[in-house]
Amino acid sequence: MNTHTNTPAVEIENLSFAYRNQNVLEDISLKVPHGSFLGLVGPNGSGKSTLIKCVLGLLTPDKGEVKLNGVPVKKFDKWSEIGFVSQKANSFNSGFPATVFEVVSMGLYGKVGLFRFLRKQHKEKVREAIAQVGMEKYAQANIGQLSGGQQQRVFIARALVSDPAILILDEPTVGVDAKSVNNFYTMLRELNNEKGMTLILVTHDIGAMSEYVTDVACLNKCLHFHGDKQVFEDNKEEMMTAMYGHEVNLLEHNHDHGHHHHHHDHDDAGREQA
Amino acid sequence: MIDVFFQYDFLRYSLFTGLMIGFLAPFLGVFLVVRRLSLMADALSHITLTGIAFSMLLGRHVTFFTALNPVYMGMVFSVAGSLLIERLRFVYRFYKELAIPIILSAGIGLGVVFISLADGFNNDLFNYLFGSVVAINQTDFYVVVSLTAVVTGLIILFYKELFFLSFDEEQAVIAGIPKMPLHFLFMVMVALVIGISMQIVGILLVSALMTLPVACAMRLARGFKQLFFYAVLFGEISVVTGLVSAFHLDLAPGGTIVMANILLLIGTIILTKKQSL
């Protein structure tokens with residue numbers, strides 16, 4: 001799990017992505033070393049989710065390349081080493097009759113593989129992951145009956161159950177109350193400190209995350225800043241102006257956002273075609 | 001009351017076939033309902049009718065088809081229809097649900113043309129529409145037995161993948177689960193089960209047997225595995241009560257099975273009034 005080598009956990013090289021001739025990402029280069037906790041911030045529609053989808057191989061960039069543990073994403077096949085927690089609202093039907101235990105088990109399905117069943121030791125792992133996020137009491141409850149913060153914990157457990165070396169979280173705290181958000185970030189910091197897990201946290205909420213992360217990257221089409229958290233804190237004002245400052249962006253903002261949603265569909269269709 | 005079903009071969013075949021259908025239809029229906037594809041069963045059952053009408057029409061001119069149970073041609077149409085729906089869901093990717101009414105009306109339209117060409121309705125066709133207690137012969141029965149074994153085996157084998165895809169398609173794809181082959185396999189199974197189920201419940205009501213027991217189960221189940229348990233339980237109860245009452249009251253079983261299902265549904269809704277899903 002804790003593979004401290006010189007190869008970065010995630011390496012993005014000169015990546016560009018356009019949708020219908022609209023540039024969404026321009027020439028992004030970014031290295032995420034093993035054991036770091038990166039906060040990837042940017043306004044809505046800045047291309048954060050698109051970048052993550054390129055990293056996960058769900059979208060193919062027009063230019064540039066993504067490497068996971070030094071392996072180009074097209075050839076990467078150890079997906080159980082990557083945990084991903086998406087924006088809950090996007091991909092989850094809250095009326096779905098599945099228990100917490102069943103949902104967390106899904107995190108092992110890719111690792112267990114086709115034509116195989118979950119064994120005793122797998123079930124034990126599931127119980128451990130549920131305990132790790134403090135949801136033991138709810139193991140047999142339907143996921144739809146839980147609060148937003150509790151559901152998010154369950155999805156973290158699902159991502160953790162396969163012992164990933166890299167955990168990517170895309171706006172995980174949307175719709176979660178403030179107190180749970182802090183507990184949640186504390187839990188992430190522990191995973192980073194104690195287990196040496198590499199974390200990438202995507203968020204538009206700069207304030208809350210900055211006490212917990214080790215590095216910050218600011219994205220709005222281009223990468224405006226990437227470096228140590230302390231440097232970011234010292235130059236915060238400038239960063240904010242660079243990213244959010246241009247008043248024009250406010251108008252473009254909604255526009256971009258619309259396109260952003262198209263992306264989901266676009267990408268959906270792309271996979272169906274595949 | 002039920003003992004008469006064990007005195008005659010044809011009734012025994014119907015009862016056993018009914019029991020297998022009461023298991024298979026809700027079993028697959030669980031996945032249809034949670035993926036919000038309940039209406040898919042309707043579209044496919046209508047296209048099955050087209051195949052049956054086509055087979056009957058051919059039977060007037062080609063001896064091979066006169067002897068063949070038209071249900072098999074129905075199954076072929078149903079499988080083809082499920083593939084067309086998938087294509088259309090891709091063509092209208094922002095309005096995926098459009099694929100269902102398109103295929104449904106195309107199926108009925110073409111079916112009506114075939115029926116007219118074959119000189120209109122006859123008693124056989126009536127049985128295919130509303131079901132029959134006497135439709136199953138020994139060969140059909142063995143087809144149903146083998147299909148039940150194959151479908152059950154495949155669902156158990158791919159349970160975890162189908163479950164993951166139904167719950168969260170994006171995550172499932174990231175985890176490396178082969179979405180398209182599994183979806184295709186699932187649709188073919190649905191098409192085949194609709195084909196065999198309609199001999200008992202009839203085309204117009206086959207989708208009810210795939211969705212109503214699941215609708216009951218949704219009110220009670222804690223977790224996905226329980227959903228299967230309750231859905232199959234309600235499916236079996238309605239098939240048995242429906243078949244027995246159809247025989248004794250001389251009614252079409254499609255109607256009685258669905259009415260039994262509706263009564264169970266009303267019952268569970270009243271009993272679980274407090275929760276909302």
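So you know, we letter chains A, B, ... as the sequences are listed, proteins then strands, and number each from 1. No hydrogens, no waters, no symmetry mates; every other heavy atom, side chains included, goes into these values.
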Worksheet item: What's the shortest heavy-atom distance between B:Leu182 and B:Leu162, and which atoms?
Response: O-CD2, 4.3 Å
Worksheet entry | Distance-minimising heavy-atom pair for B:Val201 and B:Val206 | CG2-CA, 4.0 Å
Worksheet entry | Enclosure of A:Phe117 CZ (heavy-atom neighbours >12, cutoff 6.0 Å) | yes
Worksheet item: Should the heavy atoms of other residues, nucleotides or ligands under 6.0 Å from OH of B:Tyr159 be counted, would the total exceed 12?
Response: yes
Does any non-hydrogen side-chain atom of [Y] lie less than 4.5 Å from one of [X]?
{"X": "A:Met106", "Y": "B:Gln171", "value": "no"}
{"X": "B:Leu24", "Y": "B:Ser197", "value": "no"}
{"X": "B:Arg87", "Y": "B:Phe90", "value": "yes"}

Worksheet item: Does the pair B:Thr268 and B:Phe234 meet the rule for a side-chain contact (heavy atoms from CB on, under 4.5 Å), with working shown?
Response: CA-CA 10 Å; B:Thr268 39; B:Phe234 288 124; 3.7 Å; yes
Worksheet item: Listed by residue number, which members of residues 33-51 of chain B have a heavy atom under 4.5 Å from any heavy atom of chain A?
Response: B:Val34, B:Arg36
Worksheet item: Is there a donor in the side chain of A:Asp170 and an acceptor in the side chain of A:Ser86, or the other way round, less than 3.5 Å apart?
Response: no
Worksheet item: Are B:Phe163 and B:Phe31 an aromatic pair by the rule of ring centers under 6.0 Å?
Response: no
Fill in: chain B contact via A:Val85 - which portion, at a heavy-atom distance below 4.5 Å
backbone
Fill in: Structural part of A:Leu108 lying under 4.5 Å from a heavy atom of chain B
neither
Worksheet item: Is a side-chain N or O of B:Arg222 found less than 3.5 angstrom from the main chain of A:Gln140, in a donor-acceptor match?
Response: yes
Discussion item. Between B:Ile174 and chain A, with a heavy-atom cut-off of 4.5 Å, which part of the residue counts as in contact: side chain, backbone, both or neither?
Written reply: both
Worksheet item: Which of residues 118-129 of chain A get closer than 4.5 angstrom to chain B, counting heavy atoms alone?
Response: none
